[in-house]
Amino acid sequence: MSAVGESENLPLKPRRQWNNSWRPVVAVAGGVAVGWILLAVWVRGYTPDVPPPDSAIHEWILQHRTDSTIHIAQISSWFGQTDVALPLIVVAGLAATQSTRRLGRVRAGVLLVSLGGIGVVIGLRLNDFVGRVRPPLADWAGAAGGSSFPSGHTTAATIAAGLVAWTLTRRIADRRGQIATWAAAGIWAGAVGWSRVWLGVHWPTDVICGWLFAASFLILARGIQLKWWPGDAPPAPVVEGA
(Lines give C-alpha, C1' and ligand atoms only; values in the text may rest on other atoms or scores of the structure.)
Protein backbone atom coordinates (compact mmCIF):
# COMPACT_ATOMS: atom_id res chain seq x y z
CA MET A 1 0.00 0.00 0.00
CA SER A 2 1.31 3.43 -0.86
CA ALA A 3 2.14 6.10 1.72
CA VAL A 4 -0.72 8.19 0.34
CA GLY A 5 -3.21 5.37 0.88
CA GLU A 6 -1.98 4.88 4.44
CA SER A 7 -2.26 8.58 5.23
CA GLU A 8 -5.92 8.59 4.24
CA ASN A 9 -6.80 6.25 7.11
CA LEU A 10 -4.30 7.02 9.87
CA PRO A 11 -5.67 10.39 11.04
CA LEU A 12 -9.19 9.03 11.47
CA LYS A 13 -8.39 6.32 14.01
CA PRO A 14 -6.72 8.48 16.69
CA ARG A 15 -9.44 11.15 16.37
CA ARG A 16 -12.25 8.60 16.75
CA GLN A 17 -10.56 6.98 19.74
CA TRP A 18 -10.08 10.34 21.43
CA ASN A 19 -13.70 11.39 20.90
CA ASN A 20 -14.91 8.10 22.38
CA SER A 21 -12.77 8.60 25.50
CA TRP A 22 -15.54 10.69 27.06
CA ARG A 23 -17.58 7.56 27.84
CA PRO A 24 -15.31 6.03 30.52
CA VAL A 25 -14.72 9.51 31.96
CA VAL A 26 -18.45 10.08 32.41
CA ALA A 27 -18.78 6.56 33.85
CA VAL A 28 -16.14 7.38 36.48
CA ALA A 29 -17.95 10.63 37.29
CA GLY A 30 -21.15 8.64 37.80
CA GLY A 31 -19.38 6.18 40.10
CA VAL A 32 -17.98 8.98 42.25
CA ALA A 33 -21.41 10.64 42.33
CA VAL A 34 -22.94 7.41 43.62
CA GLY A 35 -20.40 7.56 46.44
CA TRP A 36 -21.40 10.98 47.72
CA ILE A 37 -25.10 10.27 47.20
CA LEU A 38 -24.87 7.13 49.34
CA LEU A 39 -22.92 9.09 51.93
CA ALA A 40 -25.63 11.75 51.99
CA VAL A 41 -28.34 9.12 52.44
CA TRP A 42 -26.37 7.48 55.27
CA VAL A 43 -25.81 10.78 57.07
CA ARG A 44 -29.42 11.84 56.63
CA GLY A 45 -30.54 8.53 58.12
CA TYR A 46 -28.91 9.56 61.42
CA THR A 47 -30.54 12.99 61.51
CA PRO A 48 -30.86 14.69 63.98
CA ASP A 49 -28.14 12.52 65.53
CA VAL A 50 -24.55 12.26 64.27
CA PRO A 51 -22.98 9.05 62.93
CA PRO A 52 -20.58 7.52 65.52
CA PRO A 53 -17.44 7.97 63.34
CA ASP A 54 -18.18 11.68 63.00
CA SER A 55 -18.62 12.27 66.70
CA ALA A 56 -15.59 10.12 67.61
CA ILE A 57 -13.23 11.98 65.26
CA HIS A 58 -14.64 15.33 66.32
CA GLU A 59 -14.01 14.59 69.99
CA TRP A 60 -10.47 13.36 69.26
CA ILE A 61 -9.69 16.61 67.43
CA LEU A 62 -10.97 18.74 70.30
CA GLN A 63 -8.62 16.91 72.64
CA HIS A 64 -5.53 17.18 70.44
CA ARG A 65 -5.65 20.51 68.63
CA THR A 66 -3.38 23.31 69.86
CA ASP A 67 -3.19 27.06 69.30
CA SER A 68 -0.50 26.58 66.64
CA THR A 69 -2.42 23.92 64.71
CA ILE A 70 -5.57 26.02 64.93
CA HIS A 71 -3.66 28.94 63.43
CA ILE A 72 -2.42 26.75 60.57
CA ALA A 73 -5.97 25.51 59.99
CA GLN A 74 -7.32 29.06 59.90
CA ILE A 75 -4.79 30.01 57.22
CA SER A 76 -5.55 26.86 55.22
CA SER A 77 -9.29 27.48 55.46
CA TRP A 78 -8.84 30.91 53.87
CA PHE A 79 -8.02 29.22 50.53
CA GLY A 80 -11.47 27.63 50.50
CA GLN A 81 -13.35 30.92 50.50
CA THR A 82 -15.14 31.52 47.21
CA ASP A 83 -13.83 35.09 47.02
CA VAL A 84 -10.31 33.62 47.05
CA ALA A 85 -10.71 30.34 45.17
CA LEU A 86 -12.65 31.68 42.17
CA PRO A 87 -10.27 34.58 41.42
CA LEU A 88 -7.38 32.10 41.47
CA ILE A 89 -9.18 30.18 38.71
CA VAL A 90 -9.34 33.37 36.64
CA VAL A 91 -5.64 34.05 37.17
CA ALA A 92 -4.77 30.53 36.04
CA GLY A 93 -6.99 30.85 32.98
CA LEU A 94 -5.46 34.17 31.96
CA ALA A 95 -1.92 32.93 32.49
CA ALA A 96 -2.11 29.47 30.97
CA THR A 97 -4.47 29.74 28.01
CA GLN A 98 -2.77 29.11 24.69
CA SER A 99 -4.47 32.05 23.04
CA THR A 100 -2.17 34.95 22.21
CA ARG A 101 -5.06 37.38 21.85
CA ARG A 102 -6.20 39.32 24.87
CA LEU A 103 -9.87 38.55 24.16
CA GLY A 104 -9.06 34.85 24.02
CA ARG A 105 -7.39 34.97 27.41
CA VAL A 106 -10.30 36.85 28.95
CA ARG A 107 -12.77 34.40 27.44
CA ALA A 108 -10.82 31.47 28.88
CA GLY A 109 -10.77 33.08 32.32
CA VAL A 110 -14.51 33.81 32.22
CA LEU A 111 -15.29 30.26 31.08
CA LEU A 112 -13.24 28.70 33.87
CA VAL A 113 -14.64 30.88 36.64
CA SER A 114 -18.17 30.28 35.32
CA LEU A 115 -17.59 26.55 35.47
CA GLY A 116 -16.20 26.85 38.97
CA GLY A 117 -19.10 29.05 40.04
CA ILE A 118 -21.65 26.54 38.74
CA GLY A 119 -20.05 23.77 40.77
CA VAL A 120 -19.97 25.87 43.92
CA VAL A 121 -23.62 26.93 43.51
CA ILE A 122 -24.75 23.32 43.04
CA GLY A 123 -22.83 22.37 46.16
CA LEU A 124 -24.52 25.13 48.14
CA ARG A 125 -27.95 24.00 46.96
CA LEU A 126 -27.11 20.49 48.12
CA ASN A 127 -26.02 22.00 51.42
CA ASP A 128 -29.39 23.71 51.84
CA PHE A 129 -31.30 20.57 50.82
CA VAL A 130 -29.64 18.29 53.38
CA GLY A 131 -29.80 20.95 56.11
CA ARG A 132 -27.44 19.19 58.50
CA VAL A 133 -26.63 20.89 61.81
CA ARG A 134 -23.01 21.84 62.44
CA PRO A 135 -21.00 20.80 65.50
CA PRO A 136 -21.75 22.77 68.71
CA LEU A 137 -20.81 26.44 68.49
CA ALA A 138 -18.61 26.12 71.58
CA ASP A 139 -16.30 23.80 69.58
CA TRP A 140 -15.70 26.29 66.76
CA ALA A 141 -12.28 27.83 66.24
CA GLY A 142 -13.16 29.52 62.96
CA ALA A 143 -15.95 31.24 61.07
CA ALA A 144 -18.78 29.31 59.44
CA GLY A 145 -22.33 29.80 58.28
CA GLY A 146 -25.25 27.85 56.86
CA SER A 147 -25.80 24.12 57.00
CA SER A 148 -23.01 21.63 57.44
CA PHE A 149 -23.26 18.98 54.71
CA PRO A 150 -21.31 19.13 52.43
CA SER A 151 -18.51 21.52 53.35
CA GLY A 152 -18.74 24.60 51.12
CA HIS A 153 -15.10 25.54 51.68
CA THR A 154 -13.96 22.03 50.73
CA THR A 155 -16.16 21.98 47.64
CA ALA A 156 -14.93 25.38 46.43
CA ALA A 157 -11.27 24.55 47.10
CA THR A 158 -11.42 21.17 45.36
CA ILE A 159 -13.17 22.54 42.28
CA ALA A 160 -10.77 25.48 42.10
CA ALA A 161 -7.71 23.28 42.61
CA GLY A 162 -8.84 20.88 39.92
CA LEU A 163 -9.56 23.60 37.36
CA VAL A 164 -6.31 25.43 38.07
CA ALA A 165 -4.25 22.22 37.81
CA TRP A 166 -5.96 21.14 34.60
CA THR A 167 -5.41 24.57 33.06
CA LEU A 168 -1.75 24.80 34.03
CA THR A 169 -0.82 21.25 33.02
CA ARG A 170 -2.04 21.92 29.49
CA ARG A 171 0.97 24.24 29.15
CA ILE A 172 3.46 22.06 31.00
CA ALA A 173 5.19 19.53 28.74
CA ASP A 174 7.40 18.02 31.44
CA ARG A 175 5.81 14.97 33.08
CA ARG A 176 7.33 15.74 36.46
CA GLY A 177 5.98 19.27 36.28
CA GLN A 178 2.49 17.94 35.59
CA ILE A 179 2.69 15.52 38.52
CA ALA A 180 3.93 18.30 40.80
CA THR A 181 1.06 20.55 39.72
CA TRP A 182 -1.57 17.92 40.44
CA ALA A 183 0.12 17.09 43.75
CA ALA A 184 -0.08 20.77 44.73
CA ALA A 185 -3.76 20.78 43.79
CA GLY A 186 -4.34 17.73 45.98
CA ILE A 187 -2.58 19.41 48.89
CA TRP A 188 -4.71 22.53 48.40
CA ALA A 189 -7.99 20.59 48.46
CA GLY A 190 -6.81 18.30 51.26
CA ALA A 191 -5.56 21.11 53.48
CA VAL A 192 -8.80 23.06 53.23
CA GLY A 193 -10.88 19.99 54.01
CA TRP A 194 -8.67 19.12 56.98
CA SER A 195 -8.88 22.69 58.27
CA ARG A 196 -12.67 22.69 58.39
CA VAL A 197 -12.74 19.57 60.56
CA TRP A 198 -9.82 20.73 62.70
CA LEU A 199 -11.52 24.06 63.37
CA GLY A 200 -14.57 22.18 64.62
CA VAL A 201 -17.00 23.78 62.18
CA HIS A 202 -17.67 20.60 60.15
CA TRP A 203 -18.12 16.91 60.73
CA PRO A 204 -15.66 14.66 58.84
CA THR A 205 -18.35 13.32 56.51
CA ASP A 206 -19.15 16.91 55.47
CA VAL A 207 -15.63 17.23 54.11
CA ILE A 208 -15.60 13.78 52.50
CA CYS A 209 -18.81 14.62 50.66
CA GLY A 210 -17.31 17.94 49.55
CA TRP A 211 -14.32 16.12 48.06
CA LEU A 212 -16.47 13.49 46.34
CA PHE A 213 -19.00 15.97 44.99
CA ALA A 214 -16.31 18.28 43.60
CA ALA A 215 -14.45 15.34 42.05
CA SER A 216 -17.60 14.04 40.33
CA PHE A 217 -18.35 17.55 39.03
CA LEU A 218 -14.82 18.02 37.65
CA ILE A 219 -14.70 14.57 36.04
CA LEU A 220 -18.12 15.10 34.47
CA ALA A 221 -17.03 18.50 33.13
CA ARG A 222 -13.98 16.82 31.61
CA GLY A 223 -16.19 14.19 29.97
CA ILE A 224 -18.45 16.87 28.49
CA GLN A 225 -15.40 18.73 27.22
CA LEU A 226 -14.08 15.58 25.53
CA LYS A 227 -17.47 14.93 23.93
CA TRP A 228 -18.30 18.39 22.62
CA TRP A 229 -15.06 20.39 22.59
CA PRO A 230 -12.18 17.95 21.99
CA GLY A 231 -9.91 20.81 20.99
CA ASP A 232 -6.99 19.52 23.03
CA ALA A 233 -6.99 16.12 21.35
CA PRO A 234 -3.55 14.86 20.42
CA PRO A 235 -2.56 15.66 16.85
CA ALA A 236 -2.94 12.93 14.26
CA PRO A 237 0.30 11.25 13.18
CA VAL A 238 1.98 12.63 10.11
CA VAL A 239 3.08 10.16 7.46
CA GLU A 240 6.22 11.15 5.66
CA GLY A 241 5.94 11.21 1.92
CA ALA A 242 2.14 11.56 1.96
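Look at Asp206 and Arg132 and you find a salt bridge, because one of the NZ, NE, NH1 or NH2 atoms lies within 4.0 Å of a carboxylate O, short of that distance.
A distance-only check finds no donor-acceptor pair linking the side chain of His58 to the backbone of Asp54 [under 3.5 Å]. Counting only distance, with no hydrogens or angles, the side chain of Arg196 and the backbone of Val207 share no donor-acceptor pair below 3.5 Å. At least one donor-acceptor pair closer than 3.5 Å links the side chain of Trp140 to the backbone N or O of Pro135. In this structure, Arg134 contributes its side chain and Gly145 its backbone to a donor-acceptor pair below 3.5 Å. Side chain of Ser77 to main chain of Ala73: no donor-acceptor pair is present (N/O by atom type, distance under 3.5 Å, no hydrogens or angles). Under the 3.5 Å distance criterion, the side-chain polar atoms of Gln74 are matched with a main-chain donor or acceptor of Ala141. Using modelled atom types, no side-chain atom of Trp203 and backbone atom of Pro51 make a donor-acceptor pair closer than 3.5 Å. Side-chain atoms of Thr158 never come within 3.5 Å of backbone atoms of Thr155 as a donor-acceptor pair (strictly under, hydrogens ignored).
Within the model, atoms NE2 of His71 and OG1 of Thr66 stand 11.5 Å from one another, a figure rounded to the nearest 0.5 Å. For the atom pair Ile70 CD1 and Ile75 CD1, the distance stands at 12.5 Å (nearest 0.5 Å). For the atom pair CZ of Phe213 and CZ of Phe149, the computed distance is 11.5 Å after rounding to the nearest 0.5 Å. Note that the CD1 atom of Ile172 and the CD1 atom of Ile179 stand 11.0 Å from one another [nearest 0.5 Å]. Note: Ile208 CD1 to Trp211 CH2 = 7.0 Å, rounded to the nearest 0.5 Å.
Within the 4.5 Å cutoff, the side chain of Val164 has heavy atoms near those of the Trp188 side chain. Inter-residue side-chain proximity for Trp198 and Ile72 is flagged as unmet; no heavy-atom pair is nearer than 4.5 Å. Residues Thr205 and Trp42 have side chains in contact (heavy-atom distance under 4.5 Å, counting atoms from C-beta outward). The side-chain heavy atoms of Pro52 and Tyr46, taken from C-beta on, include a pair separated by under 4.5 Å.
Around atom CG of Asp83, more than 12 heavy atoms belonging to other residues, nucleotides or ligands sit under 6.0 Å away.
What you find for Ser55 and Val50 is that their closest heavy atoms are N-CG1, 4.0 Å. Taking every heavy atom of both residues into account, Ala144 and Val201 meet most closely at CB-CB, 3.8 Å. Taking every heavy atom of both residues into account, Leu218 and Gly162 meet most closely at CD1-CA, 3.8 Å. Scanning all heavy atoms of the two residues, the minimum distance from Thr82 to Ala156 falls at CG2-CB, 4.1 Å. Considering every non-hydrogen atom in both Val197 and Pro204, the closest pair reads CG2-CA, 3.9 Å. The two residues Ala157 and Gly80 have their closest heavy-atom pair at CB-CA, 4.0 Å.
Grouping the Ile, Leu, Val, Met, Phe, Trp and Tyr side chains by contacts below 4.5 angstrom, directly or via other members, places Val192 apart from Ile187. Under the 4.5 Å side-chain heavy-atom criterion for grouping Ile, Leu, Val, Met, Phe, Trp and Tyr, Ile37 is connected to Leu212 within one hydrophobic cluster. Side-chain heavy atoms closer than 4.5 Å link hydrophobic residues (I, L, V, M, F, W, Y) into clusters, and following such links, even through other members, never connects Leu39 to Val133. Residues Leu88 and Trp78 fall within the same hydrophobic cluster, defined by Ile, Leu, Val, Met, Phe, Trp and Tyr side chains chained together at heavy-atom separations under 4.5 Å. Cluster membership for Trp60 and Ile57, using ILVMFWY side-chain heavy atoms within less than 4.5 angstrom, is shared.
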Exercise. When you look at Ser76 and Trp194, which way does the side-chain hydrogen bond (donor to acceptor under 3.5 Å, both in side chains) test go after all the steps?
Worked result: CA-CA 9 Å; Ser76 301; Trp194 162 80; over 6 Å; no
